[in-house]
Number of protein chains: 2
Amino acid sequence: MKRTLENISYEEKTEALARFAKALAHPTRVAILEHLGSQSCCFTGDLVDVFPIAQSTISQHLKELKNAGLIQGELQPPKIKYCINMNNWQAAKALFADFFDK
Amino acid sequence: MKRTLENISYEEKTEALARFAKALAHPTRVAILEHLGSQSCCFTGDLVDVFPIAQSTISQHLKELKNAGLIQGELQPPKIKYCINMNNWQAAKALFADFFDK
DNA sequence: TTCCTTTATCGCAAATAAACGATTAGTCTG
DNA sequence: CAGACTAATCGTTTATTTGCGATAAAGGAA
C-alpha cells in the first residue's frame, strides 16, 4: 500500500466517517458497543465473560474503540470502567445521519 | 486470525452493521458514495477522472461496495452505470440510526 | 471478424488487522 | 513491602486489505 507519491486527501468529514466506520467494521466491536449501550457502562472483565474470546483480544478491541473516540475508560480500582463517549458518539451519529441523507 | 475452534456468532443485525461499516471503512469508498449521491449515478470512468488512483483500484472499491449491497451496476454500453442501491441504502441507514439511538 | 473502448480480474508486494498466550504494568489490600 | 487482582502490552502467527500494472472480458462499431 501507499505506493503512490502523493497521498490523496479527502474532506475531513469523509475521513472522519471512514474512521468511525472502521471502528465499527468488526462484529465484536459492534457487540461491545451494544453491550455498553444497554449497560451504559461496564468493565473489561464483564466482556471477557460475555464474549468467548481471549482477554488480550478484547483489550485490543477496546483500545481501538478508545482510539476512535467512541468509548472512554475510567479507573475504578481494581477495574476499569468503560463508557460510551457521548460527545463523539453524537458526532458519529450526526455524521452517519448526514451521510445517509442523500 | 481465526485460530479459535468455534466461530462466535452475533445477532444478524450486529453482523449486518459491521458489514456495512466495513464497506464504509475506507475514505475512498465513502468519497465514491458521496459522489454517487450527488450525481445519483455515474460511470467508473468518471471516478477514475475524479480520484487520482488507478482504474483497477477503483474497480476493486466498486466491487466491495457492490458486494456490500450499497451500489448496483447497470450495463449501458460501452460503459457501466453505477447507482446507489436504495433498498440496501435505506436498510443501512436504519441500522445505523438504530444503533446510535442508545 | 477485427478493432476499440470500457471495466473486471489476475498476480504480486506491502501494509494492517486479528487473534492468541505470555508477560508486564498498575492499583489496591494485608 | 508482598501478594492478589485486573487490564494493557509484547511477540508471534495468520488473514485480510490496499494498491498497482498487466492482462483478460465484454460489448458495440467498422
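Letters A, B, ... mirror the listed sequences (proteins, then strands); counts begin at 1. Just so you know, these numbers use all the heavy atoms, side chains as well, and skip hydrogens, waters and symmetry mates.
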**Asked** For nucleotides 22-30 of chain C, read 5' to 3', which letter fits each nucleotide if B means a protein heavy atom sits under 4.0 Å from the base, S means only the sugar-phosphate is that close, and - means neither?
**Response** B----SS--
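- Nucleic acid contact for Thr57(B): base, since at least one base atom lies under 4.0 Å from a heavy atom of the residue.
- Atom CG of Asp49(A) is separated from atom C1' of dT6(D) by 12 Å (rounded to the nearest Å).
- Residue Lys81(A) is classed as having no contact, given no heavy-atom separation below 4.0 Å to the nucleic acid.
- Using a 4.0 Å cut-off between charged nitrogen and carboxylate oxygen, Lys79(A) and Glu74(A) do not count as a salt-bridge pair.
- Taking atom OH of Tyr82(B) as the reference point, atom P of dT7(C) lies 8 Å away to the nearest angstrom.
- In this structure, Leu24(B) and Ala21(A) approach most closely via the heavy-atom pair O-CB, 3.4 Å.
- A continuous path of Ile, Leu, Val, Met, Phe, Trp and Tyr side chains, each step under 4.5 Å between heavy atoms, connects Phe99(A) with Phe100(B), placing both in one hydrophobic cluster.
- Atom CG of Leu62(B) is separated from atom CG of Leu36(B) by 8.0 Å, given to the nearest 0.5 angstrom.
- For DNA chain C, the neighbouring residues in residues 59-68 of chain A, judged by any heavy atom under 4.0 Å, are Gln60(A), His61(A), Glu64(A).
- Atom CZ of Phe51(A) and atom P of dA7(D) are 15 Å apart (whole Å).
- The side chain of His26(A) lies closest to dA18(C) when the candidates are dA18(C), dA8(C), dC20(D).
- Residue Asp98(B) holds its CG atom at 9.5 Å from CG of Leu17(B), rounded to the nearest 0.5 Å.
- Paired runs in DNA chain C that reach 3 or more consecutive Watson-Crick or G-U pairs, where each pair keeps both distances under 3.5 Å, cover C:1-30 with D:1-30.
- Taking CD1 of Ile58(A) as the reference point, atom CG of Asp49(A) lies at 8.5 Å (rounded to 0.5 Å).
- Glu11(B) CD: 12 or fewer foreign heavy atoms inside a 6.0 Å radius.
- A straight line from CD1 of Ile80(B) to P of dG28(D) spans 12 Å, rounded to a whole angstrom.
- For the residue pair Glu34(B) and Thr14(A), a side-chain donor N or O sits within less than 3.5 Å of a side-chain acceptor on the partner.
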**Prompt:** Step by step, would you call Arg19(A) with Glu15(A) a side chain to side chain contact (heavy atoms under 4.5 Å, CB included)?
**Reply:** CA-CA 6 Å; Arg19(A) 268 197 306 277; Glu15(A) 302 267 14; 3.9 Å; yes
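- Ring orientation note: the planes of His61(A) and His26(A) are tilted relative to one another, at an angle of 30° to 60°.
- One interatomic measurement links the two molecules: CD1 of Ile53(B) to P of dT18(D), which rounds to 11 Å at whole-angstrom precision.
- Between Phe96(A) and Phe96(B), the ring-plane angle classifies as parallel under the 30° and 60° cut-offs.
- OP1 or OP2 of dA17(C) has not a single side-chain nitrogen or oxygen of Lys22(B) nearer than 4.0 Å.
- Atom pair Ile58(B):CD1 and dT6(C):C1' shows a separation of 13 Å (rounding to whole Å applied).
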